[in-house]
Amino acid sequence: MSQDMKEKLEKYRTAPFDARFPNQNQTRNCWQNYLDFHRCQKALTAKGTDVTPCDWYQRVYKSLCPISWVSKWDEQRENGTFPGKI
Amino acid sequence: MAHPSQLGFQDAASPVMEELLHFHDHTLMIVFLISTLVLYIIVAMVSTKLTNKYVLDSQEIEIVWTVLPAVILILIALPSLRILYLMDEINDPHLTIKAMGHQWYWSYEYTDYEDLGFDSYMIPTQDLSPGQFRLLETDHRMVVPMESPIRVLVSAEDVLHSWAVPALGIKMDAVPGRLNQTAFITSRPGVYYGQCSEICGANHSFMPIVVEAVPLEHFENWSSLMLEES
């Protein structure tokens, strides 16, 4: 599982087609991956296990989300004003 | 790029634009044929002394001028739908680029590997070098590897803009808070120009788009250079 994940990350080119978001509007795709990364990180850190599986979500949201959106959300998380549930 | 007194589309630089071009030729030919026929009939009717007062109806001609237009419409609709579905095909992009519209410039972000981002301002007319194009050139171009499927995510940081490159057959609205996806693949290397296509304030006409398609090695060299610069 971890080996597959490592290989997937090494061969990463860009965010692949996601059937959950097949249309023109990719806003939700970016948002969902950002949330999933931070939720994954929070959950796996709480369990004390390796957080490498979460890296996939980070690669995807970094590919899709505008840098300004990511900085804004990171700041909101630090301030406790982030609108999403992590 | 566009040139003075141009009548048709710019040369296609992507397969989709080629299809659109050929479809347009096909449809326009139909339009010219119908217009010529109608114009001929008008001239013929107006320039004759003959009159016919005794035709009241005719089943045959009514059938012809109902069925024929329906057939013509089908001949237009089938290629049109073919291209529509072709544009909607699921593609597997090699690279994702974000094009963010600002007042009044575009910024491009290449964040698949490193965080590369840069602004692309129009070169003012007084700063142009000989041979450069007025109101079209930018200080930094959006460089892409040629013959590779590219995903472009278009958005805006302030007001509505629109990212358009006619040679690639692309126009995508830049809406603040929304990420609009489009994709293209360049059939050949080259430099392709476009202009902002949604009114966005005083300098709406002065925020052009330049896409430069180059071989992969050149793209890799360029992106390393850009990363070092920033």
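Numbers restart at 1 for each chain; the letters A, B, ... are given by sequence-line order, proteins then strands.
Within 6.0 Å of CZ in A/Phe21 there are more than 12 heavy atoms belonging to other residues, nucleotides or ligands. The environment of A/Arg28 atom CZ is sparse: at most 12 non-hydrogen atoms of other residues, nucleotides or ligands sit within 6.0 angstrom.
The two atoms that bring B/Pro93 and A/Ala15 nearest to each other are CG-O, 4.3 Å, heavy atoms only.
No other option in A/Cys30, A/Cys65, A/Ala19, A/Pro16 has as many heavy-atom pairs under 4.5 Å with chain B as A/Cys65. Most heavy-atom pairs under 4.5 Å with chain A: of the set B/Ile90, B/Asp115, B/Asp92, B/Thr182, this distinction falls to B/Ile90. The residue among A/Gln24, A/Arg59, A/Lys62 with the most heavy atom pairs within less than 4.5 Å of chain B is A/Gln24. Interface remark: of the candidates B/Leu153, B/Asp88, B/Asp112, B/Asp112 forms the most heavy-atom pairs closer than 4.5 Å to chain A.
Taking OG1 from A/Thr14 and OH from B/Tyr113, the interatomic distance works out to 7.0 Å, rounded to the nearest 0.5 Å. The OG1 atom of B/Thr111 sits 10.5 Å away from atom OH of A/Tyr61, with the distance rounded to the nearest 0.5 Å. Residue B/Arg178 holds its CZ atom at 3.5 Å from CG of A/Asn25, rounded to the nearest 0.5 Å. If you take CD on B/Gln181 and CG on A/Leu64, they are separated by 8.0 Å, rounding to the nearest 0.5 Å.
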Between A/Trp69 and B/Lys98, is the side-chain contact (heavy atoms from CB on, under 4.5 Å) condition met? List the steps.
CA-CA 12 Å; A/Trp69 292 14; B/Lys98 278 155 281 179; over 6 Å; no

Can you check side-chain contact (heavy atoms from CB on, under 4.5 Å) on B/Leu95 and A/Arg13, steps first, answer last?
CA-CA 7 Å; B/Leu95 182 67; A/Arg13 275 201 293 213; over 6 Å; no

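If you measure heavy-atom distances from A/Asn29 to chain B, you find no contacts under 4.5 Å at all. For a residue to count as touching a neighbouring chain, one of its non-hydrogen atoms must lie under 4.5 Å from one of that chain's; by this rule B/Ser155 touches chain A with the side chain only.
Looking at A/Gln26 and B/Asn180, their side chains never come closer than 4.5 Å, going by heavy atoms from C-beta outward.
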